J.: 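There's a structure below that I have some questions on.
What you see is a predicted model; the values in this text were computed from it and never measured. The figures here come from the full heavy-atom set of this structure, side chains too, leaving out hydrogens, waters and symmetry mates. Positions are given from 1, in the same order as the sequence printed here.
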Amino acid sequence: MAKTNKSIEHTEWIRVRGAKTHNLKNINVDIPRNAMTVISGLSGSGKSSLAFDTIFAEGQRRYIESLSAYARQFLRQMQKPEIDEITGLSPAISIDQKSAGRNPRSTVATITEVYDYLRVLYARVGVPYCLECHTPIEKVPKDEILRRVEINLKERIPKTTKKVIKGVAVDSSFVRIFAPVVVGRKGEYYQMLYDFLHKGYDKVRIDGTMYPLRERITIDKNQKHTIELLVDTIFVSEYVKTPKVFRERLSDAVDRSLHEANGLITVSYPDATEQMLSSRFLCATCGFSFPEIEPRLFSFNSPYGACQACNGLGTVDDMFDAVCEVCVGARLRKEALSVFIPTKKEKKNIVELIGLTIDECLHFVEHIDLSSQEKEVAEPLLIEIRARLQFLINVGLEYLTVDRRANTLSGGEAQRIRLASQLGSGLVGALYVLDEPTIGLHQKDNDRLIKTLTHLRDLGNTIIVVEHDEDTMFACDYLVDIGPGAGVHGGEVVVQGYLEELVTAPTNKSKSSTLSYLRQEKKIAVPKKRRIHSTNALKIVGGNAHNVKDIDIDIPLGVMTVITGVSGSGKSSLMHEILYKNLERKLEKKMARASAINAKTFTGHEHISRVILVDQAPIGRTPRSTPATYIGAWGYIRDLFASTEQSRYKGWGADKFTFNRAGGRCEKCEGNGEIAVEMHFLPTVYVLCDQCQGKRFMKEILEVEYKKKSIHDVLSMSIEESHIFFKDIPAIEERLRSLSAVGLGYITLGQSATTLSGGEAQRIKIASELYRPHTQKTIYLLDEPTVGLHYDDVARLIAILHTLVERGNTVVLIEHSMDVIKCCDYIIDMGPEGGIRGGECIAKGTPETVAQIAKSYTGQYLKKVLK
């Protein structure tokens with residue numbers, strides 16, 4: 001058990017008085033500053049209402065109010081929460097489960113700003129390579145050109161340079177300055193040569209042969225040529241006798257050459273060696289012109305750097321994500337892909353670098369090979385890049401590639417990336433509010449995350465965590481338990497205090513359920529026996545998807561199987577990309593082709609009749625989607641209202657009792673119940689529709705009543721209330737009973753789908769299966785169904801899953817909760833690590849069997865809970 005941080009004297013407190021947001025019942029809460037506090041409680045008890053909708057909202061609102069009106073117009077402000085008073089607040093930062101963004105341009109690299117630093121790094125120390133001849137291109141300023149010419153001349157002056165002409169010793173060695181006006185291109189160039197003659201030039205060298213410009217020069221226009229204008233010939237004797245005059249003459253010649261050849265110069269030395277230099281990014285070998293290397297060249301969000309064919313998206317078809325044929329998914333123009341940074345062993349362009357996993361990228365960055373001058377330029381950038389990559393590793397995301405798109409991340413991954421970004425900011429004195437940061441984390445990875453959070457606290461920040469994970473709760477200093485129940489039965493402070501004192505107290509005076517589990521007074525029991533699975537199984541041979549490589553695995557039917565493993569080990573790939581896609585094809589016959597997807601063979605599906613994927617995707621994409629519509633009860637409720645005497649008298653059918661279509665809904669707010677008013681630099685204000693008063697229906701529709709309740713009254717009922725109200729209507733009652741069974745009695749029938757958490761959406765989907773009386777030979781695939789669940793909710797969920805299996809079905813779920821894992825019949829443990837070091841089945845069998853396998857991380861933790 002983690003000890004309270006005794007080094008911090010909690011003389012300062014965040015004091016909340018009279019909190020009434022949502023279901024909070026005028027509560028008072030004291031939270032110590034510079035400490036880590038966990039807010040716990042049943043699902044729907046009011047944890048998020050306190051943490052996010054009250055404390056965070058007020059902290060952010062006050063900070064934004066301190067800014068100028070100009071600055072406020074660019075920031076989304078929170079509404080003032082329903083409270084009497086809050087004191088001791090700091091500027092607040094929320095790190096929640098919401099996705100990092102649906103923008104296809106957002107990646108792990110851009111969210112964490114790693115890509116911004118990499119762009120500057122490549123612009124400052126990257127080496128460009130010619131696209132045509134693949135040789136390095138160097139940009140040399142004029143002063144450097146003069147310096148190099150003088151140094152090279154000193155090394156190449158011949159020992160005997162004098163000839164005797166008419167009895168006088170004359171130094172015959174010289175330096176020639178050429179302007180390469182044409183490099184490896186076809187053409188006649190007659191007019192160009194004629195123009196140079198008029199400018200006063202005398203000679204030209206074409207393909208290595210000197211020609212006087214006053215004579216006719218014939219060039220084969222079908223052959224490639226290199227044409228170099230002779231700018232000046234300077235004798236070495238001038239350098240020896242009058243170096244100052246020599247330098248002035250050389251400077252003038254270099255200026256003219258760079259002007260005539262658009263940045264190129266060729267210097268011919270006395271020993272017949274030659275050197276081509278460029279003051280711009282021009283290839284000295286073939287004359288290829290490279291654009292200015294600036295940070296924007298490496299940005300796929302900038303027209304200067306983005307691939308022109310796909311505008312920096314990497315794909316050209318929104319529906320099928322067809323890879324762009326020009327950039328092959330790299331998203332950048334070809335010149336950006338020809339700039340490399342080397343190590344001793346290899347060189348990589350920016351796309352190749354961000355294509356690595358986070359730990360591989362850090363290894364490359366730590367071994368970049370730079371000159372002492374380049375190191376001086378690059379070190380500030382490398383410090384930032386290394387720190388951000390290390391933070392991502394610290395929160396258990398080393399398996400992700402740096403270029404992973406944000407819209408493919410799970411909620412837990414997105415939250416931990418934002419956490420890593422905040423760590424990189426190094427803020428002190430801030431208030432961080434986190435929503436279940438352990439989502440998607442194996443027990444092994446929890447330790448690193450906890451160290452990250454305690455480090456953030458020890459910097460001098462206040463951490464508030466809404467969490468159910470036991471290890472994280474024990475790592476906190478202070479506990480606030482909200483409850484005792486959910487919805488109307490919650491919203492009260494059951495207990496608050498320093499965790500160590502509460503756990504070690506002689507008795508649990510508060511009767512807090514959370515505290516009872518932490519004190520081990522209550523526990524979820526291990527089943528007395530496991531189901532013995534039949535010989536029927538889904539057999540996967542040669543499974544390949546993402547990091548899952550050539551896996552052969554049997555998934556037993558008629559039992560509850562849990563797929564476990566560390567983050568990134570291949571659990572989701574096995575379930576979604578191999579198991580679900582093949583079942584969907586075989587059972588729903590979506591595709592005529594009989595071959596397996598992402599596997600050599602997939603057999604055994606003939607023993608099951610249907611597949612149901614129960615994930616955390618929303619039950620609807622608009623606020624008009626509700627639990628009542630998803631569960632199938634809404635149609636029956638509308639029929640009841642249409643069957644009333646008032647409706648029959650007026651000839652109204654069920655279509656009148658919907659807020660989704662014109663006819664019965666309030667047209668002023670279009671059935672939303674409220675109207676959004678834009679306030680520019682103030683937050684958008686949502687006001688009740690003055691016509692329907694937020695009831696969403698026309699006045700005459702609201703006059704129709706069933707058992708003295710209008711359609712609006714029914715939608716406002718909690719599932720618990722409506723279950724009793726419709727107890728005599730079996731088609732509605734059995735659906736509502738299933739919602740209560742999964743612990744959702746606190747949500748309302750008409751609650752907007754967009755306000756439901758991922759865990760709540762998942763349980764609604766489970767409930768939609770529970771009321772079906774004759775489901776057999778169905779396979780249910782669930783992805784972390786315990787997200788957001790309290791101990792009591794987890795116990796209820798386990799019982800429900802076992803009920804589904806007892807009916808003759810199969811349940812397969814991805815899970816990290818040890819309570820669920822210890823209660824299953826069969827385990828498939830993926831690993832051994834995440835990313836490219838995962839993708840194997842390292843253990844399988846009953847929990848007792850897996851607990852004895854030393855190389856299984858899951859087994860190591862399972863061994864402790866099975867004692």
Side-chain angles (χ1 to χ4, degrees), residues 99-132 134 137 281 288-342 346-358 360-362 364-365 368 378 381-382 384-386 388-389 392 397 399-409 413-414 417-418 420-421 424 546:
S99 171
R102 308 307 299 176
N103 189 336
R105 297 180 185 275
S106 294
T107 65
V108 171
T110 58
I111 295 168
T112 58
E113 298 180 353
V114 166
Y115 196 69
D116 296 317
Y117 288 103
L118 284 175
R119 290 194 297 118
V120 180
L121 183 70
Y122 271 83
R124 297 296 173 260
V125 299
V127 179
Y129 279 69
C130 177
L131 267 66
E132 295 180 3
H134 308 295
I137 299 174
F281 284 112
F288 176 80
S289 177
F290 213 88
E292 283 298 311
I293 301 181
E294 304 172 18
R296 61 178 179 155
L297 178 66
F298 305 99
S299 171
F300 41 76
N301 290 324
S302 165
Y304 188 76
C307 168
Q308 297 299 309
C310 63
N311 295 318
L313 287 174
T315 58
V316 291
D317 192 314
D318 291 335
M319 289 184 65
F320 300 103
D321 280 345
V323 176
C324 171
E325 294 180 358
V326 177
C327 68
V328 198
R331 309 167 82 178
L332 295 173
R333 60 190 282 190
K334 57 187 179 181
E335 289 87 352
L337 302 177
S338 292
V339 181
F340 294 86
I341 286 179
E346 58 183 341
K347 67 179 189 293
K348 290 188 182 295
N349 64 32
I350 196 167
V351 171
E352 292 169 339
L353 181 55
I354 64 173
L356 301 175
T357 59
I358 288 166
E360 291 171 338
C361 183
L362 179 59
F364 182 92
V365 168
I368 288 175
L381 299 167
L382 292 173
E384 294 292 340
I385 294 167
R386 286 193 295 259
R388 280 163 168 75
L389 293 174
L392 289 168
L397 295 173
Y399 61 90
L400 292 177
T401 56
V402 186
D403 64 354
R404 176 77 171 265
R405 297 199 182 199
N407 57 6
T408 67
L409 296 168
E413 286 170 337
I417 286 172
R418 292 181 62 201
S421 302
H546 302 313

J.: Measuring from L356:CG to L400:CG, what's the distance to the nearest 0.5 Å?
T.: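 Spacing of CG (L356) from CG (L400) equals 13.5 Å.
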J.: Report the residues that fulfil salt bridge (Lys or Arg N to Asp or Glu O under 4.0 Å) with D403, sequence neighbours left out, ordered by chain and then residue number.
T.: none
J.: Answer yes or no: is there a donor N or O on one side and an acceptor on the other, between the side chain of R333 and the main chain of Y304, under 3.5 Å?
T.: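 Yes, the answer is positive, given that a donor and an acceptor are paired below the 3.5 Å cut-off.
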J.: Run the side-chain hydrogen bond (donor to acceptor under 3.5 Å, both in side chains) test against E294 and tell me which residues pass, sequence neighbours left out.
T.: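 Checked E294 against side-chain hydrogen bond (donor to acceptor under 3.5 Å, both in side chains); matches are R296.
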J.: If you measure from CD on E346 to CD1 on I341, what distance do you get to the nearest 0.5 Å?
T.: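 Reported to 0.5 Å precision, the distance equals 12.5 Å.
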J.: Does anything in residues 298-316 pair up under salt bridge (Lys or Arg N to Asp or Glu O under 4.0 Å), and if so which pairs, sequence neighbours excluded?
T.: none
J.: Roughly how far apart are S106 OG and R404 CZ, rounded to 0.5 Å?
T.: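 So the OG of S106 and the CZ of R404 are separated by 14.0 Å.
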J.: What residues, two or more places apart in sequence or in another chain, satisfy salt bridge (Lys or Arg N to Asp or Glu O under 4.0 Å) together with R124?
T.: none
J.: List the atom of A309, the atom of V326, and the distance in Å for their closest heavy-atom pair.
T.: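 Looking at all heavy atoms of both residues, the closest pair is CB-CG2, 3.5 Å.
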J.: What do the steps show when you test V402 against T107 for side-chain contact (heavy atoms from CB on, under 4.5 Å), and what is the final call?
T.: CA-CA 7 Å; V402 186; T107 65; over 6 Å; no
J.: Given side chains that start at C-beta, do those of V127 and K347 come closer than 4.5 Å, heavy atoms only?
T.: no
J.: Under the salt bridge (Lys or Arg N to Asp or Glu O under 4.0 Å) definition, can you give me all pairs with a residue in residues 297-312, not counting sequence neighbours?
T.: none
J.: Ignoring hydrogens, what is the shortest heavy-atom contact between G314 and C310? Give both atom names and the distance.
T.: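 It is N-SG, 3.2 Å.
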J.: My understanding is that only residues two or more places apart in sequence, or in another chain, count here; which of them pass side chain to side chain contact (heavy atoms under 4.5 Å, CB included) with K334?
T.: L131
J.: Is the shortest side-chain heavy-atom distance between E384 and V120 below 4.5 Å?
T.: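 No. Closest side-chain heavy atoms not under 4.5 Å.
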J.: For A123, give me all partners under side chain to side chain contact (heavy atoms under 4.5 Å, CB included), at least two apart in sequence or on another chain.
T.: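 Side chain to side chain contact (heavy atoms under 4.5 Å, CB included) list for A123, sorted by chain: I293, P295, F298.
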J.: Just how far is it from atom CG of L381 to atom CG of L121, taken to the nearest 0.5 Å?
T.: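 The distance works out to 5.5 Å.
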J.: Looking at residues at least two apart in the chain, or sitting in another chain, which of them share a side chain to side chain contact (heavy atoms under 4.5 Å, CB included) with N311?
T.: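 N311: side chain to side chain contact (heavy atoms under 4.5 Å, CB included) contacts with R105.
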J.: Between I417 and L397, what is the shortest heavy-atom contact and its length?
T.: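 Smallest interatomic distance, heavy atoms only, reads CG1-CD1, 3.4 Å.
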J.: Locate the shortest heavy-atom distance separating S299 from L332; write the atom from each residue and the value.
T.: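 Nearest heavy atoms, S299 then L332: C-CD2, 3.7 Å.
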J.: Using side chain to side chain contact (heavy atoms under 4.5 Å, CB included) as the criterion, list what pairs up with N349, not counting sequence neighbours.
T.: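 In terms of side chain to side chain contact (heavy atoms under 4.5 Å, CB included), with neighbours along the sequence ignored, N349 is linked to L337, F340, V351, E352.
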J.: Give me the atom names and distance for the closest heavy-atom approach of A378 to V125.
T.: CB-CG1, 4.2 Å
J.: State the CG-CZ distance between L389 and F364, to the nearest 0.5 angstrom.
T.: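 The CZ atom of F364 is 12.5 Å from CG of L389, to the nearest 0.5 Å.
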J.: Identify, with sequence neighbours excluded, every residue that meets salt bridge (Lys or Arg N to Asp or Glu O under 4.0 Å) alongside E113.
T.: R388
J.: Could you note down all residue pairs passing side-chain hydrogen bond (donor to acceptor under 3.5 Å, both in side chains) where residues 114-123 supplies at least one of them, sequence neighbours left out?
T.: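 Checked against side-chain hydrogen bond (donor to acceptor under 3.5 Å, both in side chains) - neighbours excluded - the pairs reaching residues 114-123 are D116-R119.
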J.: Ignoring hydrogens and angles, tell me if any N or O in the side chain of T112 forms a donor-acceptor pair with the backbone of V108 under 3.5 Å.
T.: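 Looks like yes, one N/O pair under 3.5 Å.
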J.: Hey, could you give me the CD1/CG distance between I385 and L353, rounded to the nearest 0.5 Å?
T.: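 Here the interatomic distance stands at 8.0 Å.
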